[in-house]
Amino acid sequence: MPSSTAETVVVGMSGGVDSSVSAALLLEQGYNVIGLFMKNWEDDDDDECGAAEDLADAQAVCEVLDIPLKTVNFSFEYWERVFTGFLKDLERGKTPNPDIICNVEIKFREFPLWAMKLGADYVATGHYARIDHSNGTLNLLKGIDRDKDQTYFLYGLKTDALQKAIFPIGFMTKEQVRSKAREFGFENHDKKGSTGICFIGRRNFRSFVRRYLKSTEGSITDPEGEVLGKHEGAFLYTIGQRTGLGIGGPGDAWYVASKDVMSNTLVAVQGHDHPLLYSRQADISNLTWISMKYRLPYPARAKVRYRGEEQNCLICHSQDQGYFVEFEQPVRAVTPGQSIVFYEDEICLGGAVIEATRS
RNA sequence: UGGGGUGUAGCCAAGCGGUAAGGCACCGGAUUUUGAUUCCGGCAUACCCAGGUUCGAAUCCUGGCACCCCAG
């Protein structure tokens, strides 16, 4: 029984192992724990069972732990603040990352607001990340499990959003989380990790997007303009992509090197490491720092996509009040719309959105 | 209709008498809270067609057919 003086923490529970173990750990640590299941997407048709199963899993875990599970529906907020922007970016030829916005707008804005109304002192999620409060400033640190580190998705959060956040599994490996789940007797200890857009789930990207955006066929050409084949709509593809181009024939595989939604054209090149797939510079926008502003130019390590390799780079001011990044080595598939996240050793400094690239 | 060449999966392409390499595309899976990348697996009872020779042919022979090239 939680004592009346214990602090209360609301845990966002997805039904997966990570958030389940997070809740259990908080309980062990003496918190008064409340589970929250967020439903942020109204399924238009199929896949309804996926969310229902997840809810059932979350319920099962909460029963084992003997904690209450509440549900909330942020579909409206998600649609308005995450999904519409996602579609708009796609139309503009970008490759947006909705999960990053989702964290800023939903998981670390709506969710905490809701939790605080319930009288929570803290909110927690099952992210592989750590928060360091020592030496006066708050720092977002990579998860101990470098292979699972999820700070890439969290770079848009500022100090105030993280102040009341707890990441209980940030100091654990996935392996440890799973065995902990077994210890607790969670049925979902072996559950496969979820993939796909957060809350929307795993889907065929192209057919999913085409439910919302009208697409028209266009041509795929090589850099010289020679037509190689056709695509289903330029905005359905991303830079560096190989799958779905349908270009057979002699030689190596083909990859998307650039796209132009105005002319609805895709330019493809042959070979995973074709020079046209590499960029040395990128214009960036919406630069945000988590806890500290750094004087530019500032040297940092940067990830251009989740699970990408960290690259040495220099963050700079550009002539027009904007910013750009210069990489020490050319980086493959730097893609407008994707985020570039900056690091210094363990610390996630912040990040920005890639606007344009230069070789 | 004189000469030469080529016909192997959707596309390239090995094979040269001993029972169909490989790559691209595609499909499935693994990895992955974006879209990708990457990795693993699958993918021609069948080699343009019809005969023939051989224990045995995609591989040799004969005859067709198709396409290409050079001459006309």
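Naming: A, B, ... by sequence-line order, numbering from 1 per chain.
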Problem - Atom P, compared across B:G23 and B:G64: separation rounded to whole Å - result: 40 Å
Practice task
Tell me which nucleotide among B:U38, B:C24, B:U34 gets nearest to the side chain of A:Tyr306.
Solution key: B:U34
Exercise for the section: For B:A25, give its Watson-Crick or G-U wobble partner with both distances under 3.5 Å, or none. Expected result: none
Exercise for the section: Please state whether the phosphate of B:U37, meaning OP1 or OP2, lies under 4.0 angstrom from any side-chain nitrogen or oxygen of A:Tyr237. Expected result: no
Exercise for the section: For B:U38, take OP1 and OP2 only and decide whether either is under 4.0 Å from a side-chain N or O of A:Arg242. Expected result: yes
Problem - C1'-based separation of B:C60 from B:G2 [nearest Å] - result: 27 Å
Completion exercise
Among the nucleotides B:C24, B:A36, B:U33, whichever has the atom closest to the side chain of A:Phe153 is B:U33
Practice task
Please determine, for the side chain of A:Arg307, which listed nucleotide (B:U34, B:U32, B:U37) has the closest atom?
Solution key: B:U32
Problem - d(CZ, A:Arg178; C1', B:U31) in whole Å - result: 13 Å
Exercise for the section: Flag the pair A:Glu175 and A:Arg178 as a salt bridge only when some basic side-chain nitrogen lies within less than 4.0 angstrom of an acidic carboxylate oxygen. Expected result: no
Practice task
Rounded to the nearest angstrom, tell me the gap between atom NZ in A:Lys174 and atom C1' in B:U31.
Solution key: 12 Å
Problem - Between B:G17 and B:A58 - P atom distance, rounded Å - result: 13 Å
Practice task
Using whole Å, report how far OH of A:Tyr152 lies from P of B:U32.
Solution key: 17 Å
Exercise for the section: Scan A:Lys94 against the nucleic acid and name what it touches under 4.0 Å (heavy atoms): base, sugar-phosphate only, or nothing. Expected result: nothing
Exercise for the section: Searching all strands shown, indicate the nucleotide that pairs with B:U1 (Watson-Crick or G-U wobble; both distances under 3.5 Å). Expected result: none
Exercise for the section: Among A:Asn97, A:Val304, A:Ile340, A:Thr238, find the residue that satisfies the side-chain contact (heavy atoms from CB on, under 4.5 Å) test when tested with A:Thr335. Expected result: A:Thr238
Practice task
Return yes if some donor-acceptor pair links the side-chain N/O of A:Asn204 with the main-chain N/O of A:Ser207 below 3.5 Å, else return no.
Solution key: yes
Practice task
Indicate, with a heavy-atom threshold strictly under 4.0 Å, whether A:Phe86 touches base, sugar-phosphate, or nothing.
Solution key: nothing
Practice task
Using only heavy-atom distances, decide whether a donor-acceptor pair under 3.5 angstrom links the side-chain of A:Gln241 to the base of B:U37.
Solution key: no
Practice task
Could you please name the option among B:A25, B:A36, B:C12 that lies closest to any side-chain atom of A:Pro250?
Solution key: B:C12
Problem - Separation of the P atoms in B:C16 and B:G7, to the nearest angstrom - result: 14 Å
Handout entry: Base paired to B:U6 (Watson-Crick or G-U; both N/O distances under 3.5 angstrom)
Key = B:A66
Handout entry: B:G63 and B:U53, which share atom name C1', separated by this distance in whole Å
Key = 15 Å
Practice task
Look only at the side chain of A:Asn264 and the backbone of A:Thr216, and say whether a donor-acceptor pair between them is shorter than 3.5 Å.
Solution key: yes
Exercise for the section: May I ask you to decide if A:Phe37's main-chain N or O and A:Ser14's side chain share a donor-acceptor pair within less than 3.5 Å? Expected result: no
Exercise for the section: Could you give the distance separating B:G42 and B:A20 at their P atoms, to the nearest angstrom? Expected result: 16 Å
Completion exercise
When rounded to whole Å, the CD to C1' distance for the pair A:Gln270 and B:C24 reads 8 Å
Exercise for the section: Specify the separation, in whole Å, of atom NE2 of A:His272 and atom P of B:U37. Expected result: 9 Å
Exercise for the section: Just call it for A:Gly126: base, sugar-phosphate, or nothing, with non-hydrogen atoms closer than 4.0 Å on any strand. Expected result: nothing
Fill in the blank from the handout: Looking only at B:U37, B:U33, B:A25, the nucleotide nearest the A:Thr243 side chain is B:U37
Problem - A:Tyr128-A:Asp18 side chain donor-acceptor pair, cut-off 3.5 Å - result: yes
Problem - Side-chain N,O (A:Lys148) to OP1/OP2 (B:U33) below 4.0 Å - result: yes
Handout entry: Given B:C12, B:U32, B:U34, the nucleotide with the shortest approach to the side chain of A:Pro98
Key = B:U34
Problem - Rounded distance (Å) that lies between atom C1' of B:A25 and atom CD1 of A:Ile247 - result: 10 Å
Problem - Aromatic ring pairing A:His272/A:Tyr255, orientation class (parallel under 30°, perpendicular over 60°, tilted between) - result: perpendicular
Practice task
Provide the distance between the two C1' atoms, one in B:C47 and one in B:C27, to the nearest whole Å.
Solution key: 24 Å
Exercise for the section: Using a 4.0 Å heavy-atom cut-off across all strands, classify A:Asn103 as base, sugar-phosphate, or nothing. Expected result: base
Fill in the blank from the handout: Out of B:U38, B:A36, B:U33, minimum distance to the side chain of A:Asp99 belongs to B:U33
Exercise for the section: Between B:G5 and B:C61, how far apart are the P atoms? Round to whole Å, please. Expected result: 12 Å
Handout entry: Distance in angstrom units between A:Asn204 CG and B:C27 C1', rounded
Key = 13 Å
Exercise for the section: Decide yes or no on salt bridge (Lys or Arg N to Asp or Glu O under 4.0 Å) for A:Lys142 and A:Glu310, but give the supporting numbers first. Expected result: CA-CA 13 Å; A:Lys142 293 174 186 169; A:Glu310 274 184 24; 2.5 Å; yes
Handout entry: Below 4.0 Å: OP1/OP2 of B:U33 and any side-chain N or O of A:Lys107
Key = no
Fill in the blank from the handout: Regarding the side chain of A:Asn97, the nearest nucleotide among B:U34, B:A25, B:U33 is B:U34
Practice task
Could you check which nucleotide pairs with B:A58 in any of the strands shown, counting Watson-Crick or G-U wobble with both distances under 3.5 Å?
Solution key: none
Problem - Integer-rounded Å distance: B:U33 P and A:Trp41 CH2 - result: 21 Å
